[in-house]
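Heads up: the structure comes next, in structure tokens.
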Amino acid sequence: MRKATLCFLVRETDTRPEVLLAMKKRGFGEGKWNGIGGKVDAGETVEEAARREIAEEISVEVGGLEKVGLLTFYFTAPGSDPEWNQEVYVFLASSWKGEPEESAEMKPQWYAYREVPYEEMWADDRLWLPRVLRGERIKGVFTFSDAETIVHQEITLWDE
């Protein structure tokens with residue numbers, strides 16, 4: 001199964017905690033808000049892949065990465081690309097160098113935790129992302145019958 005990464009930059013402002021989301025401009029997930037990430041290349045660790053993807057997609061260099069989740073996705077609709085099935089390692093980053101910038105693939109934007117646009121994200125995000133933003137470490141399995149419909153889900157605390 002393909003391995004991928006997903007990273008959310010988080011910061012505390014004077015009035016509220018915020019998370020950086022990015023609008024996917026092309027490819028898998030186009031038109032959805034999400035974290036920053038992508039596939040793990042041969043010879044890379046998941047942490048190396050997360051750092052590379054962040055640098056490529058929003059032009060920042062992250063400091064520490066906190067591994068907060070492992071999500072497994074299955075897509076079962078007839079004609080689904082087997083490459084869509086993947087294990088996704090989820091990270092939070094609270095320190096980085098540079099300011100997030102738009103790229104050909106992603107358009108970043110900060111959101112208060114309570115204003116995350118879940119209706120414009122993958123259907124599973126509303127089930128696990130609030131838990132991660134509250135400080136939980138989670139493991140989840142999601143089966144989609146199509147790009148929008150979850151037919152099975154299981155989320156547990158993760159103690160890796």
### Query
Looking only at heavy atoms, which two atoms of Ser145 and Thr76 are closest? And how far apart?
CA-OG1, 3.7 Å
### Query
What are the two closest heavy atoms between Glu18 and Thr13, and how far apart are they?
OE1-CG2, 3.3 Å
### Query
Does a side-chain N-to-carboxylate-O contact under 4.0 Å join Glu47 and Lys67?
yes
### Query
If only atom types and distance count, is the side chain of Asp41 paired as donor or acceptor with the main-chain N or O of Glu44 below 3.5 Å?
no
### Query
If we only count heavy atoms from C-beta on, is the Arg2 to Glu87 side-chain gap below 4.5 Å?
no
### Summary
Value for CG (Asn34) from CH2 (Trp122), rounded to nearest 0.5 Å, stands at 8.5 Å
### Query
Mind checking whether Phe144 and Phe75 have parallel, tilted or perpendicular rings, split at 30° and 60°?
parallel
### Query
Checking Glu120 side chain against Tyr118 main chain: does a donor-acceptor pair fall under 3.5 Å?
no
### Task
Identify which one of Glu102, Glu30, Glu105 satisfies the salt bridge (charged side-chain N to carboxylate O under 4.0 Å, His left out) criterion when paired with Lys25.
Glu102
#### Entry: Heavy-atom closest contact (Arg51 atom, Leu65 atom, distance)
CG-CD1, 3.9 Å
### Query
Do you know the tightest heavy-atom contact between Val46 and Tyr89?
CG1-CD1, 3.5 Å
### Query
Taking all atoms of both residues into account, what is the closest heavy-atom pair of Ala50 and Thr5, and its distance?
CA-OG1, 3.7 Å
### Task
Find the distance between CD (Glu136) and CZ (Arg131) and round it off to the nearest 0.5 Å.
4.5 Å
### Query
Would a 4.5 Å heavy-atom cut-off, applied to side chains only, mark Gln109 and Trp33 as touching?
yes
### Query
So do Arg16 and Tyr113 actually touch side chain to side chain, heavy atoms under 4.5 Å?
no
### Query
Does Gln153 reach the main-chain N or O of Gly140 with its side chain, forming a donor-acceptor pair under 3.5 Å?
no
### Query
When rounded to the nearest 0.5 angstrom, what is the spacing between CD1 in Ile36 and CG in Leu20?
4.5 Å
### salt bridge (charged side-chain N to carboxylate O under 4.0 Å, His left out) between Glu56 and Arg52, worked out
CA-CA 6 Å; Glu56 290 174 1; Arg52 175 184 51 75; 3.4 Å; yes
### Query
Can you tell me how far the CZ atom of Phe73 sits from the CG atom of Asp124, to the nearest 0.5 Å?
4.0 Å
### Task
Looking only at non-hydrogen atoms, find the nearest pair between Val90 and Trp128 and report the distance.
CG1-CZ3, 3.9 Å
### Query
Quick check: does any side chain N or O of Lys139 sit under 3.5 Å from a backbone N or O of Thr72, one acting as donor and the other as acceptor?
no
### Query
Between CD of Gln86 and NZ of Lys39, what distance do you get to the nearest 0.5 Å?
11.0 Å
